[in-house]
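Following: one structure in C-alpha cells, then a few remarks.
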Amino acid sequence: ATLASYITQTISTYFLQSYRPKVSFAFHNLKELVHYSKWIIGQGWLDKLYGFLETSIIARLTNASSLGLYGKAKNMASVIPGFIGPTIRMISFPAYSKIQNNTEKINEGLIKSLQVICFLLIPTTILLIFGADKIILILLNKDWIQMASILQIMLIYHFLGTINEAVNSIFNAVGHPEKQVKIDTFKILLTIPLLFFLTAQFGIVGAGIALVVGILPVIILNIYNIIQLTKVRLLDILSTIVTPLVSTIIVTIPIIIYKKYILQMSLPISLSLIVLAGILYLSIIYFTDKFWNRGPYKTIMLIIKHNIKKV
C-alpha cells in the first residue's frame, strides 16, 4: 500500500505539472546551493538518526509489547499537533523567506503562530491528559489502558515539539539552517543518555520523560537564538501562552473536581460537557481581548475572516 501510494503520487505529478525534469551535468550551478543545502540534508539525517536511536534504545531495554504501547501512545498524541505543526511550518517558511530582512514582520509572524498553537493545543492537550483513560477505552479497548500514563506524557511532548517547530522554522527561512543542525545535534547528545538511564529505570514511562526533559533545553536554546537573530522580546513570546493557559485552567478546575463522575458518564453527556467547556473557553478568550486587549482573539478572527473571504 505504501509503495502504491508513492507510485501514484509520482505519476500524478506528470498530470498536474507541465514541467519535465531533465538530466544535467552542469555541476557548476550547484555551487551556489551547496552551502545552504548541506545543512538541510544534515537536518534530515539527524532527524532519522534520532528516531532510529530512540526506538532502538527502547526496544533494547524493554520488550516488543512495551515498544508497541509506546509507539501507539506517541502516534495518538501526535494526531492534533500533526495537523497544526506541519501546516504552520508549510505556511511560515515561504512567508519568512520573503520578509527575511524585515525582523519586525518576522517577529509578528512568530507571535501570531505561537498564539494559534497555544490557543488550539493548550486546552486540547490538558483535556486529553485528564481524559486519557476514557479516550483509550473509546478509541481502542481495555487491553490498551496501561498506556494511559505514557499517552499523557506524549501529549506534553508533542505540545512542546510543536512550539519548538514554530520557533526553529525561522532559521531555514532566513538563511541560517546551520543553527538548527547544531541544536538538533545538541538534542541528540542530551536526550540519548537520558533515554538510556530513564528507560532502564522506569520503562517506557521513563522514555517519555526523557523526551520531555530533552526538548525543554532545546526550546530555550532556540528561543535564545531567535532573540539574538530578530530581537523579539521574550515577554512577547511568553505572553502567547498566558491567556490560553489561564483560560484553560479556569475551565478545567470543575473537570478536575468532578473527574470521577464525568468519566462515568455516557458518551453523549461527556461530549455535551466538552462543548460547554469549549464555549466557556472561547468566552474567556473573547472577554480577555475586549477588556484587557490580550490574547489570541484578534489573530484567530483574522484567520477566520481571511478563510471566509477565500470561500
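- When the side chains of ILVMFWY residues are joined at heavy-atom separations under 4.5 Å, either directly or via intervening members, Val79 and Leu271 end up in two distinct hydrophobic clusters.
- The nearest pair of heavy atoms linking Ala207 to Tyr70 is CB-CE1, 3.8 Å.
- Annotation: side chain of Val167 is not in contact with side chain of Ile219 (no heavy-atom distance under 4.5 Å).
- What you find for Leu155 and Thr125 is that their closest heavy atoms are O-CG2, 3.7 Å.
- More than 12 heavy atoms of other residues, nucleotides or ligands lie within 6.0 Å of NZ in Lys298, so this atom counts as buried by the packing criterion.
- For Tyr281 and Phe119, the gap between ring centers is short of 6.0 Å.
- The closest donor-acceptor contact from the side chain of Tyr96 to the backbone of Ile91 lies at 3.5 Å or more, if one exists at all.
- Donor-acceptor pairing under 3.5 Å is recorded for the side chains of Ser66 and Asn63.
- Counted within 6.0 Å of CZ on Phe197, heavy atoms from surrounding residues, nucleotides or ligands total 12 or fewer; the atom is thus considered open.
- Side-chain contact, Thr13 with Gln9: no donor N or O sits under 3.5 Å from an acceptor N or O.
- In the model, Gln115 has no side-chain atom that pairs as donor or acceptor with a side-chain atom of Thr240 under 3.5 Å.
- Put simply, the side chain of Ile285 reaches to within 4.5 Å of the side chain of Pro296, judged on heavy atoms.
- Nearest approach of Ala166 to Leu114, heavy atoms of both residues: CB-CD2, 4.0 Å.
- Using a distance-only test at 3.5 Å, with no hydrogens or angles considered, a donor-acceptor pair links the side chain of Gln152 to the main chain of Ile129.
- Sparse packing is recorded around OH of Tyr286, with 12 or fewer heavy atoms of other residues, nucleotides or ligands lying under 6.0 Å away.
- A donor-acceptor contact shorter than 3.5 Å is absent between the side chain of Gln100 and the backbone of Gly175.
- Contact check for Ile106 versus Asn102: no side-chain heavy atoms found under the 4.5 Å cut-off.
- The heavy-atom pair separating Glu54 from Leu195 by the smallest distance is CA-CD1, 3.9 Å.
- In this structure, NZ on Lys290 lies 8.5 Å from OH on Tyr297, to the nearest 0.5 angstrom.
- Annotation for Arg294: atom CZ does not count as buried by contact number, only 12 or fewer foreign heavy atoms lying within 6.0 Å.
- For the pair Leu67 and Thr55, the tightest heavy-atom approach, listed with the atom from each and the gap, is CD1-O, 4.1 Å.
- When atom types are taken as modelled, the side chain of Ser239 and the backbone of Asp236 share a donor-acceptor pair closer than 3.5 angstrom.
- Separation of atoms CD1 (Ile215) and CZ (Phe159) is listed at 11.0 Å; rounding is to 0.5 Å.
- Between the side chain of Asn107 and the backbone N or O of Thr230, at least one donor-acceptor pair lies under 3.5 Å.
- Separation of atoms CG (Asn225) and CZ (Phe171) is listed at 4.5 Å; rounding is to 0.5 Å.
- With a 4.5 Å cut-off on side-chain heavy atoms, Leu190 and Pro217 count as touching.
- Minimum interatomic distance between Ala73 and Met154 (heavy atoms only, all atoms of both residues): O-CB, 4.1 Å.
- The shortest side-chain heavy-atom distance between Arg233 and Ile227 does not fall under the 4.5 Å cut-off.
- Heavy atoms from other residues, nucleotides or ligands lying under 6.0 Å from CD of Glu104 number 12 at most.
- Using a 4.5 Å heavy-atom cutoff, the side chains of Trp39 and Asn172 are not in contact.
- Remark: the backbone N or O of Ile188 is not paired with any side-chain donor or acceptor of Thr191 at under 3.5 angstrom.
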